[in-house]
Visitor: 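Could you have a look at this structure, given as structure tokens, before my questions?
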Amino acid sequence: MVRLSQCLFLLLFLARSGIVRAEPIRIVTSIETFADLARSVGGDNVKVESLARGYQDPHFVEAKPSLLIPLSKADLLIYAGLDLEIEWLPPLVQGSRNPRIQSGAKGNLDASTAIEVLDLPAGKVDRSQGDIHPRGNPHYWLPPINALKVAKEIAARLKELDSGHAADYEKNLQKFGAALKAKAGDWSRKAASLRGLKVVPYHKSWSYVSDWLGLREMGYVEIKPGIPPDPKHLAELILRMKAESVRALLIESFYNRGIAGQVADSAGAKLLVLPSDVGATPQIRCYADLVDAVLDALGRVSP
Ligand SMILES: [Zn+2]
């Protein structure tokens, strides 16, 4: 009995001193891919919830009051940054009145900080011009090299917030890296057959994937990121797609598939509806599923 109470005392002491937390770390992420990465790295020491669903446009998620509840209790918020969530996340974070996750706090993790950002604007661009990628392209989490970078950032932050479980986070990170490595051969083989494939994305959300796989982006359905097409832009785009023999038009399920289908048909290209996040379809339950689904879909069109 004496021994038990001493153990309890020690546990309470450790929990209070922050060496070992008695409660799991509560993580909230903006998108489901980050939630999956956080679960992989956090393991049993964390509870994770994503605010957006994988089938929603991450630029424009409805800032429902119900999303304030997980945010108000969160120890760590993980988001893509580069203005991806600027329309909806900052008001929610402010509204949560949770000091742990406000900008600048240890519980606020902008995952873009470790990423080599693509599509950085040459001149000054601001959102008043309608471009919703004014700080470079925020759709960076699909190539495995970037997912691993984000996983490393999450592990580093969890070690800071919960130093008592630092060894667990390191072990889980190593495990995640090994799981990616185990898939690397299969992914490289599939990627090799796609090199040079000419595509037209609907939204400029595939730059990192195109860079990874060697796809050639020959234009976009949107005039600029976030600016819908007009008939003149579409007519020019169709002509270019025909001239360049573009094989596929890439679109996420939440964009205008009617317009995209007409463009693809007129240009003799295939319309490919691609998942861009874990949870985009019920079958895509984890990060590896997401990469598999994208590569398999692209594999149905050859260069
Ligand atoms: Zn975008």
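As the structure lists them, so they are numbered: ligands from 1, and atoms in each ligand from 1. All of these numbers come straight from a predicted model, not from anything done at the bench.
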Visitor: Could you note down all residue pairs passing salt bridge (charged side-chain N to carboxylate O under 4.0 Å, His left out) where residues 228-239 supplies at least one of them, sequence neighbours left out?
Guide: Lys232-Glu236

Visitor: Just list the side-chain donor-acceptor pairs under 3.5 Å for residues 64-73, sequence neighbours left out, or say none.
Guide:
{"from": "Ser72", "atom 1": "OG", "to": "Leu68", "atom 2": "O", "distance (Å)": "3.4"}
{"from": "Ser72", "atom 1": "OG", "to": "Ile69", "atom 2": "O", "distance (Å)": "2.7"}

Visitor: Please output the side-chain donor-acceptor pairs of residues 47-58 that fall under 3.5 Å, not counting sequence neighbours, one pair per line with the distance.
Guide:
{"from": "Ser50", "atom 1": "OG", "to": "Glu32", "atom 2": "N", "distance (Å)": "3.3"}
{"from": "Ser50", "atom 1": "OG", "to": "Ala52", "atom 2": "O", "distance (Å)": "2.7"}
{"from": "Arg53", "atom 1": "NE", "to": "Glu32", "atom 2": "OE2", "distance (Å)": "3.3"}
{"from": "Arg53", "atom 1": "NH2", "to": "Ser50", "atom 2": "O", "distance (Å)": "3.4"}
{"from": "Gln56", "atom 1": "OE1", "to": "Arg53", "atom 2": "N", "distance (Å)": "2.8"}
{"from": "Asp57", "atom 1": "OD1", "to": "His59", "atom 2": "N", "distance (Å)": "2.9"}

Visitor: I want to check something: taking the side chain as every heavy atom from C-beta on, are Leu250 and Leu298 in contact at a cut-off of under 4.5 Å?
Guide: yes

Visitor: What's the count of protein N, O or S atoms under 2.8 Å from the Zn ion (ligand 1)?
Guide: 4

Visitor: Classify the ring geometry of His139 against Trp141: parallel below 30°, tilted from 30° to 60°, perpendicular beyond 60°.
Guide: tilted

Visitor: How about Tyr255 and His203: are their ring centroids closer than 6.0 Å?
Guide: yes

